[in-house]
Amino acid sequence: MNQALREMGKALAKARYVYASAGNVSMRHEGETMLITASGSDLASLQLDDVGICSFDGKWSGRRRPSKEWRMHGVCYETWADVGAVIHATPFYTTWLGCMKEQEDLSGLFVEAMYYLRRIERVPYLDPGSVELAEAVGEAIKKGTILLLENHGVLIAETSLKAAWAALETLEMAAKMVVLAQVSGATMNHVDEARQEAFLRSERYKPAHSLHQQMEGGR
């Protein structure tokens, strides 16, 4: 698991989805604990000591203190038993959308977007690491697996690191399309809602998204 987080850190840095010491990554561990990157870590070059164990209420073990964002990671795991990994990143175009006042519909732009981007919520800017931010994330994560953190990047909670990475790449591609369309004055074409629903129900692309199904059921 530790190695998986280190590899994800390198992938995020290589794709320029994080910069400097921004961003943090976690995975569900044993019981009510998670593996999470340490505070101030350079995700591009994580060492063994840069990942530690932290409980959902902040008790930790390891040589370095966990990321100050541990609260918003923990609340995702507490809310949904199926959440296996959480990524907080700052990809350029996604962060751009999070700094805009208007919310764009991204889910109907292409096939992967229909699957991964159905449940996006916005969280107003609150100071990183604060209890207030964790509480806002706790409310938003009940309705969406992708949270646009206004002026702060994005938080993605998924069933696994692999799924979280796929959602992040899909999100950044869709965000780039929307931003470039806005800059050029182009009008985006979306697959209509009925066809999206029919496509997802058919499960021809992937099995139904378990977290989305639970959210849509009102859990």
Side-chain angles (χ1 to χ4, degrees), residues 1 4-5 7-8 11-12 15 17 24-36 56 72-89 91 93-94 97-98 103-123 134 136-149 153-178 188-219:
M1 284 188 177
L5 287 181
E7 290 175 358
M8 179 55 67
L12 288 166
Y17 291 164
N24 30 81
V25 188
S26 68
M27 293 177 66
R28 187 182 289 275
H29 192 46
E30 300 171 351
E32 295 188 351
T33 66
M34 56 187 161
L35 289 173
I36 188 169
F56 302 158
M72 69 177 184
H73 285 252
V75 75
C76 295
Y77 297 115
E78 286 184 305
T79 304
W80 298 108
D82 284 352
V83 169
V86 178
I87 293 176
H88 170 42
Y93 291 99
T94 298
L97 288 189
Q103 174 67 59
E104 294 287 341
D105 177 21
L106 306 178
S107 65
L109 291 176
F110 49 92
V111 170
E112 291 79 7
M114 287 190 276
Y115 184 80
Y116 287 109
L117 309 185
R118 297 276 296 171
R119 310 290 297 190
I120 299 177
E121 296 291 319
R122 289 179 73 98
V123 175
V137 166
E139 288 302 310
I141 201 65
K142 296 174 183 176
K143 298 178 285 185
T145 51
I146 296 175
L147 308 184
L148 284 180
L149 308 178
V154 65
L155 187 75
I156 296 180
E158 266 289 358
T159 53
S160 66
L161 275 179
K162 181 178 180 180
W165 174 259
L168 180 59
E169 285 206 302
T170 302
L171 175 64
E172 180 66 356
M173 179 175 174
K176 183 175 182 179
M177 291 169 65
V178 167
M188 302 293 289
N189 181 52
H190 290 74
V191 177
D192 67 72
E193 185 69 21
R195 289 191 69 87
Q196 289 187 54
E197 292 285 355
F199 171 73
L200 292 171
R201 282 197 304 271
S202 74
E203 299 190 4
R204 287 193 295 269
Y205 174 61
K206 288 179 181 288
H209 195 297
S210 62
L211 283 167
H212 292 181
Q213 283 191 318
Q214 292 175 64
M215 291 171 180
E216 288 162 5
R219 155 108 163 15

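FYI, side chains are in, hydrogens and waters are out, and symmetry mates aren't considered; it's all heavy atoms of this structure. Here the structure is a predicted model, which is why all the values come from computation and not from measurement.
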Please report the C-alpha distance between E169 and Y17 in whole Å, then the side-chain angles of each, then the deciding distance to 0.1 Å, and finally whether the side-chain contact (heavy atoms from CB on, under 4.5 Å) criterion is met.
CA-CA 9 Å; E169 285 206 302; Y17 291 164; 3.8 Å; yes

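By the 4.5 Å heavy-atom criterion applied to side chains, C76 and L155 are counted as neighbours. You'll find the side chain of V111 reaches within 4.5 Å of the side chain of F199, heavy atoms only. In this structure, H209 and T145 have side chains that are in contact, with non-hydrogen atoms separated by less than 4.5 Å. Between L148 and Q103, the closest side-chain pair of non-hydrogen atoms falls below 4.5 Å.
Every side chain to side chain donor-acceptor pair (under 3.5 Å) that E104 has, sequence neighbours left out, goes to Q182. Judged as a salt bridge (Lys or Arg N to Asp or Glu O under 4.0 Å), and not counting sequence neighbours, E32 has no contacts. Applying the ring-ring contact (aromatic ring centres under 6.0 Å, His included) test to Y116 and every residue at least two apart in sequence or in another chain returns nothing. When the ring-ring contact (aromatic ring centres under 6.0 Å, His included) test is applied to H190, no partner is found at least two apart in sequence or on another chain. Y205 is linked by a ring-ring contact (aromatic ring centres under 6.0 Å, His included) to Y115, counting only residues two or more places apart in sequence or in another chain. Applying the salt bridge (Lys or Arg N to Asp or Glu O under 4.0 Å) test to R195 and every residue at least two apart in sequence or in another chain returns nothing. Here F56 pairs with Y77 under the ring-ring contact (aromatic ring centres under 6.0 Å, His included) rule; sequence neighbours left out. Looking at residues two or more places apart in sequence or on another chain, you find no side chain to side chain donor-acceptor pair (under 3.5 Å) involving E121. Contacts of A174 classified as side-chain contact (heavy atoms from CB on, under 4.5 Å), with partners at least two apart in sequence or in another chain: L106, L109, F110, L117. Under the salt bridge (Lys or Arg N to Asp or Glu O under 4.0 Å) criterion, E139 pairs with K142, sequence neighbours left out. A134 pairs by the side-chain contact (heavy atoms from CB on, under 4.5 Å) definition with R71, not counting sequence neighbours.
A 6.0 Å sphere centred on CG of N189 holds no more than 12 heavy atoms belonging to other residues, nucleotides or ligands.
In terms of modelled atom types and a separation under 3.5 Å, the side chain of W80 and the main chain of M215 share no donor-acceptor contact. Side chain of H88 to backbone of V154: a donor-acceptor contact under 3.5 angstrom is found.
The nearest pair of heavy atoms linking L168 to A89 is CD2-CB, 4.3 Å. When every heavy atom of L149 is checked against every heavy atom of M72, the shortest pair comes out as CD1-CE, 4.1 Å.
The salt bridge (charged side-chain N to carboxylate O under 4.0 Å, His left out) contacts involving residues 197-206 comprise R118-E197, where partners must be two or more places apart or lie in separate chains.
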